[in-house]
Amino acid sequence: MLHIRGSAGGTGLTGTLYEPGESPPSFKGAPDGGAPYVWVCDAFYEVESGGQTQSIGDREVNVAFESPMPQGFEDRDTAIEAAKDHVRTQFARLGVTEAAVEVTVLQAEEAQ
């Protein structure tokens, strides 16, 4: 199990990449067990009001969360690149440039 973590402006987002032999969470919308790599991470976007207030750099934004959308992949490299892209995209939805997002990949044991 890998944790792919993005951080920028003093906040972070971490998702989980389940590898072959590991059991990803089972819930409505989760892919079937056929994919050897399964990425699960929150998705969010900025809203005018409501949501959860999040500090990013020197500004506060209201963030609404979408249900996690698990994605299945056939190989590890593709899964990791898609996970990194997902994390960067979430920050971009809040106005953070891709270059400002630091992405790290950690074995689950390292992340604790």
Side-chain angles (χ1 to χ4, degrees):
M1 180 182 320
L2 300 175
H3 290 291
I4 288 79
R5 179 179 300 155
S7 56
T11 193
L13 171 66
T14 302
T16 303
L17 180 62
Y18 295 87
E19 299 186 284
E22 298 172 340
S23 297
S26 176
F27 53 90
K28 185 177 180 180
D32 63 21
Y37 296 88
V38 177
W39 167 245
V40 179
C41 188
D42 287 334
F44 50 80
Y45 54 96
E46 187 172 0
V47 292
E48 291 286 324
S49 63
Q52 182 178 33
T53 302
Q54 185 70 45
S55 295
I56 300 179
D58 60 354
R59 67 187 192 107
E60 290 194 350
V61 296
N62 293 327
V63 177
F65 288 85
E66 300 172 348
S67 297
M69 293 299 296
Q71 295 179 307
F73 298 93
E74 292 301 316
D75 68 82
R76 189 173 200 257
D77 291 340
T78 301
I80 290 172
E81 287 309 309
K84 289 177 177 180
D85 201 41
H86 173 89
V87 169
R88 288 184 189 107
T89 297
Q90 301 318 298
F91 279 98
R93 293 169 104 181
L94 303 180
V96 178
T97 64
E98 184 176 313
V101 180
E102 180 182 335
V103 180
T104 56
V105 178
L106 302 166
Q107 288 291 328
E109 308 82 55
E110 295 175 41
Q112 301 194 20

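Just so we're clear, the structure is a prediction, and the values are computed from it rather than from any experiment. Residue numbers count from 1 along this sequence.
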Any side-chain heavy-atom pair of [X] and [Y] under 4.5 Å:
X	Y	result
Y37	E19	yes
L94	Q54	no
K84	I4	yes
L17	M1	no
F73	P36	no

Inset, instruction - Examine distances only and state if a side-chain atom of H86 and a backbone atom of D42 form a donor-acceptor pair shorter than 3.5 Å. - result: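 Indeed, once roles are kept as given, a pair shorter than 3.5 Å links the two residues.
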Inset, instruction - Give a yes or no on whether the backbone of W39 and the side-chain of Q71 come within a donor-acceptor separation of less than 3.5 Å. - result: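 The answer is no, because no donor-acceptor pair under 3.5 Å joins these two groups.
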Least distance between heavy atoms, [X] atom then [Y] atom:
X	Y	result
P70	V38	CB-CG1, 4.2 Å
H3	A108	CD2-CA, 3.4 Å
E60	S55	OE2-OG, 3.5 Å
G6	V87	CA-CG1, 3.3 Å
A8	A100	CB-O, 3.4 Å

Legend entry - Linked, directly or transitively: Y45 and V101 (ILVMFWY side chains, under 4.5 Å):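 No, because Y45 and V101 fall into different hydrophobic clusters, even though each may have its own neighbours under 4.5 Å.
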Legend entry - Same apolar cluster: V47 and F44, side chain cutoff 4.5 Å: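 No, it is not one cluster - the side chains of V47 and F44 are not joined through contacts under 4.5 Å.
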Inset, instruction - Let me see the working for L2 and Q107 under side chain to side chain contact (heavy atoms under 4.5 Å, CB included), right down to the final yes or no. - result: CA-CA 5 Å; L2 300 175; Q107 288 291 328; 3.1 Å; yes
